[in-house]
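Take a look at the structure set out below.
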Amino acid sequence: MDTCVTETPAHCEAPREAEDDLTLVHATKRGSVAAFDKIVRRYDRKLLRIAQSVTHNREEAEDAVQEAFFKAYQKLDQFHESAKFSTWMIRIVLNEALMKLRKQSRAREESIDSSFPTDSDVLPRDVADWSPNPQELYGALEFREILTKCLGSLQPGLRVVFVLRDIEELSIRETCEALSLSRVVVKSRLFRARLQLRERLTGYFRKRHRQSSAIVLTSKIDDWKGSQAP
């Protein structure tokens, strides 16, 4: 009989126990606190990233996630099992994050569902050939800070669509459901977000390249001076 050994690829290993969302939801409804704790551990990081994309504030995002889990636990009976549980959770945390955002900007209310005048006018198309790839860029520690700043410069309505689609890798359909927006609006906002981010990131890389070039040039001049010394 063939058995797995230490060096065997991961796919040959015995699968770890993994309950699907509905199993955990049903167990929670029956009173299992441990089941809901698994839900929290499964989604807390994802929801924190999404909340932070709206509030652009770590502390506010953490509060939004805690409140979202609390409300989800209280209203679990309202979850329609025909939908994805993850999408339902994302919708709740977005609402909580939006309330935090409104409190931040008391002078004016921002809304992730506010209408954009050009939503129906922009031809939805992909901007997939831009470099660097957003997922790779976000995962690279060196560029995380600059991407965060660039994301923060986007309108919340554009920012959250980009995060859900390109960072969290939700499908267009899931993004539409989470935001209660049409496919045309989601694709339009994603297109605009990608273009604006590419613009800002291109400016950053050009500046960085100029700085690197200046450093290299200075180094070469210093080397040349050293070679000319008696």
Side-chain angles (χ1 to χ4, degrees), residues 40 42-72 86-119 122 127 130 132-170 172 174-181 185-205 207-208:
V40 171
R42 179 173 293 180
Y43 289 109
D44 58 351
R45 291 185 181 181
K46 176 189 283 287
L47 296 181
L48 180 60
R49 289 193 299 268
I50 293 171
Q52 197 164 354
S53 75
V54 176
T55 64
H56 214 53
N57 179 291
R58 175 81 179 195
E59 188 176 334
E60 295 281 8
E62 289 175 347
D63 288 345
V65 171
Q66 288 183 2
E67 289 164 16
F69 278 125
F70 181 70
K71 286 192 175 180
S86 57
T87 305
W88 186 69
M89 279 299 316
I90 288 171
R91 184 61 189 170
I92 294 174
V93 82
L94 284 173
N95 287 335
E96 293 300 318
L98 181 57
M99 285 192 283
K100 299 289 183 186
L101 182 64
R102 284 171 174 164
K103 290 178 182 178
Q104 285 179 24
S105 51
R106 294 172 184 172
R108 59 185 181 86
E109 287 194 353
E110 298 278 10
S111 174
I112 59 172
D113 295 326
S114 60
S115 59
F116 287 78
T118 56
D119 271 341
V122 178
V127 185
W130 67 304
N133 179 279
Q135 294 170 28
E136 293 175 356
L137 181 63
Y138 195 78
L141 182 61
E142 183 180 0
F143 298 119
R144 176 167 291 199
E145 185 177 348
I146 188 62
L147 179 58
T148 300
K149 288 180 180 178
C150 291
L151 280 171
S153 67
L154 297 180
Q155 291 174 280
L158 302 182
R159 185 166 67 233
V160 72
V161 168
F162 178 85
V163 169
L164 292 181
R165 187 74 181 91
D166 283 355
I167 302 300
E168 301 302 330
E169 298 183 313
L170 269 66
I172 289 291
E174 290 168 341
T175 304
C176 292
E177 290 176 359
L179 299 174
S180 297
L181 296 173
V185 171
V186 165
K187 294 181 79 172
S188 172
R189 293 187 187 184
L190 179 62
F191 170 67
R192 293 174 60 190
R194 286 174 174 173
L195 279 182
Q196 290 183 29
L197 279 174
R198 180 171 63 179
E199 233 175 66
R200 289 160 172 74
L201 289 170
T202 298
Y204 164 73
F205 288 121
K207 180 180 178 182
R208 188 167 180 265

Compare every heavy atom of [Y] with every heavy atom of [X], then report the nearest pair and how far apart it is.
{"X": "Ala64", "Y": "Ala51", "result": "CB-CB, 4.3 Å"}
{"X": "Thr87", "Y": "Ala178", "result": "CG2-N, 3.7 Å"}
{"X": "Ile172", "Y": "Lys187", "result": "CD1-CG, 4.0 Å"}
{"X": "Ala72", "Y": "Met89", "result": "CB-SD, 3.4 Å"}

Close side-chain approach of [X] and [Y], heavy atoms under 4.5 Å:
{"X": "Leu164", "Y": "Leu94", "result": "yes"}
{"X": "Leu190", "Y": "Asp166", "result": "yes"}
{"X": "Ser180", "Y": "Arg91", "result": "yes"}
{"X": "Phe69", "Y": "Asp44", "result": "yes"}

Distance from [X] atom [atom1] to [Y] atom [atom2], nearest 0.5 Å?
{"X": "Arg192", "Y": "Phe162", "atom1": "CZ", "atom2": "CZ", "value": "15.0 Å"}
{"X": "Arg200", "Y": "Leu154", "atom1": "CZ", "atom2": "CG", "value": "5.5 Å"}
{"X": "Ile167", "Y": "Arg165", "atom1": "CD1", "atom2": "CZ", "value": "11.5 Å"}
{"X": "Ile90", "Y": "Ile50", "atom1": "CD1", "atom2": "CD1", "value": "4.0 Å"}
{"X": "Leu47", "Y": "Arg42", "atom1": "CG", "atom2": "CZ", "value": "12.5 Å"}
{"X": "Leu151", "Y": "Lys149", "atom1": "CG", "atom2": "NZ", "value": "13.0 Å"}

Residues which pass side chain to side chain donor-acceptor pair (under 3.5 Å) with Glu67, listed by chain and number, not counting sequence neighbours =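 Side chain to side chain donor-acceptor pair (under 3.5 Å) check on Glu67 returns Lys100.
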
Sorted by first residue and then second, give each side chain to side chain donor-acceptor pair (under 3.5 Å) pair with at least one member in residues 50-59; sequence neighbours left out.
->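 Of all non-adjacent pairs touching residues 50-59, those that pass side chain to side chain donor-acceptor pair (under 3.5 Å) are Arg58-Glu62.
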
Arg189 side-chain N/O to Val161 backbone N/O, donor-acceptor pair under 3.5 Å |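 Not at all, since once roles are kept as given, no pair shorter than 3.5 Å links the two residues.
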
Before giving the answer on side chain to side chain contact (heavy atoms under 4.5 Å, CB included), spell out for Thr202 and Glu199 the whole-Å C-alpha distance, their side-chain angles and the decisive distance to 0.1 Å.
-> CA-CA 5 Å; Thr202 298; Glu199 233 175 66; 6.0 Å; no

Under the salt bridge (charged side-chain N to carboxylate O under 4.0 Å, His left out) test, residues paired with Glu60 that sit two or more places apart |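 Partners of Glu60 by the salt bridge (charged side-chain N to carboxylate O under 4.0 Å, His left out) criterion come out as none, since no residue qualifies.
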
